[in-house]
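Below is one structure, written out as structure tokens; the observations come after it.
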Amino acid sequence: MKKILGIFLALNLFAATGLCYGPRGHGLVGAIADQRLSKNAAIKTKINQLLDGLTLQRVATIPDEIKALDHNPNGFHLPGHKALEDQLRAFVAANPSTGQPSHHDFHFTDVPVFGNEQYSPGDIGRSQFDIVHMIPFCIRVLRGEEPENNPRAITKPVALILLVHYLGDIHQPLHVGAEYFDAQGNPFDPSTNNPGFADQGGNKLTLFTLVAGKPKSAGVFHSYWDGQTVQNAFGTANDLTIAKRLARTEPTDWKLSGTVDTWAEQMANEIIPVARQAHTKLAFTNINVAPGSTPGKDDIKSGRASEKKKSGGMFYADWAAATVKTEIQKGGWRLAALLEEILQ
Ligand SMILES: [Zn+2]
């Protein structure tokens, strides 16, 4: 019974956070940055003040946890940190899940993966409240360039908490790139005149990977990248041990150029080709566009994303796990560098 209850709780936790890197992925990004900044006393003091003593690893998952407030005022509590909790509640109230914008919108952007697009200058799937816009917004708040009583109710502590989380999300390929389908259910490159039907960043698709040569359901395509890939990448090893190791070894090609307010777009452009690969390795079938659906407004209802037969390359699960390992490490290093830059 205990075991069954454990599984039930784990499933519930996963369901509650199913739209972002799961708790472990976000926690690792924060933990790597905690390690990278551990010797910088000045920055550590500022972070401690802003986060009321909480670590980056702890706060990394809060932007998902507060989604529980959408329907239940008791869905989220931060015991011992009342002032911080109040600010987070005000943030949710200012950006309600039913509103424009909703705080859910801030976690992703949906750049079409079919063509050869970068984030700019396209418009399909982008918005002024997507992750590429919200990261610089939070940076401006922390720098005092945006007042803390802004319409989004993003105070400096909330801005820091959001940044820690969004730096994780923008390193999850399905948070940046998305597939679009025409009315017949074929993947295509949408345009303003012909926007097609989105797949909600893979949330409407069921992934089938090859296990012993046979396709086997791996669940919701987006959720697979949030959770299962992280488990596949890091296994049962202790998160602190993993974070210490990843903080010690410098990842290749992690450094970004220019000022920090341009980093979000650079990170998006870097991961779009990865998102493209995450889709081109799959075949899309049974795409269900409900009769009467409006292009650009309605999403597909369901569909299958199946791993193509192995042709000399890696299995999808192995490739995805290797990708996630690299991205989480880069996310942690970039988060630390970003905070050193804006909190110095
Ligand atoms: Zn998220």
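These numbers come from a predicted model, not from an experiment. Each ligand, and each atom within it, is numbered from 1 in the order the structure gives.
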Salt-bridge contact E270-K330 (side-chain N to carboxylate O under 4.0 Å):
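So E270 pairs with K330 through a salt bridge.
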
For the Zn ion (ligand 1), decide whether H175 has an N, O or S atom at a distance under 2.8 Å.
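Looking at H175, which is the residue asked about, there is no N, O or S atom under 2.8 Å from the Zn ion (ligand 1).
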
Measuring to the Zn ion (ligand 1), does H107 have an N/O/S atom at a distance below 2.8 Å?
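Of the N, O and S atoms in H107, at least one lies under 2.8 Å from the Zn ion (ligand 1), which means yes.
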
Fellow cluster residues of L240, listed by chain then number, with links counted only when side-chain atoms sit under 4.5 Å apart
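Listed partners: none, L240 stands alone.
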
For F108, which fellow cluster members are found when Ile, Leu, Val, Met, Phe, Trp and Tyr are connected by side-chain heavy-atom distances below 4.5 angstrom, either directly or through intermediates?
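Grouped by the 4.5 Å side-chain rule, F108 forms a cluster of one, so the answer is none.
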
State the atom name: nearest N, O or S atom of D169 to the Zn ion (ligand 1).
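Per the distance ranking, D169 contributes OD2 as its closest N/O/S atom to the Zn ion (ligand 1).
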
Compare all side-chain heavy atoms of V289 with those of K301 and state whether any distance is below 4.5 angstrom.
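The answer is no, as the side chains (C-beta and beyond) never meet within the 4.5 Å cut-off.
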
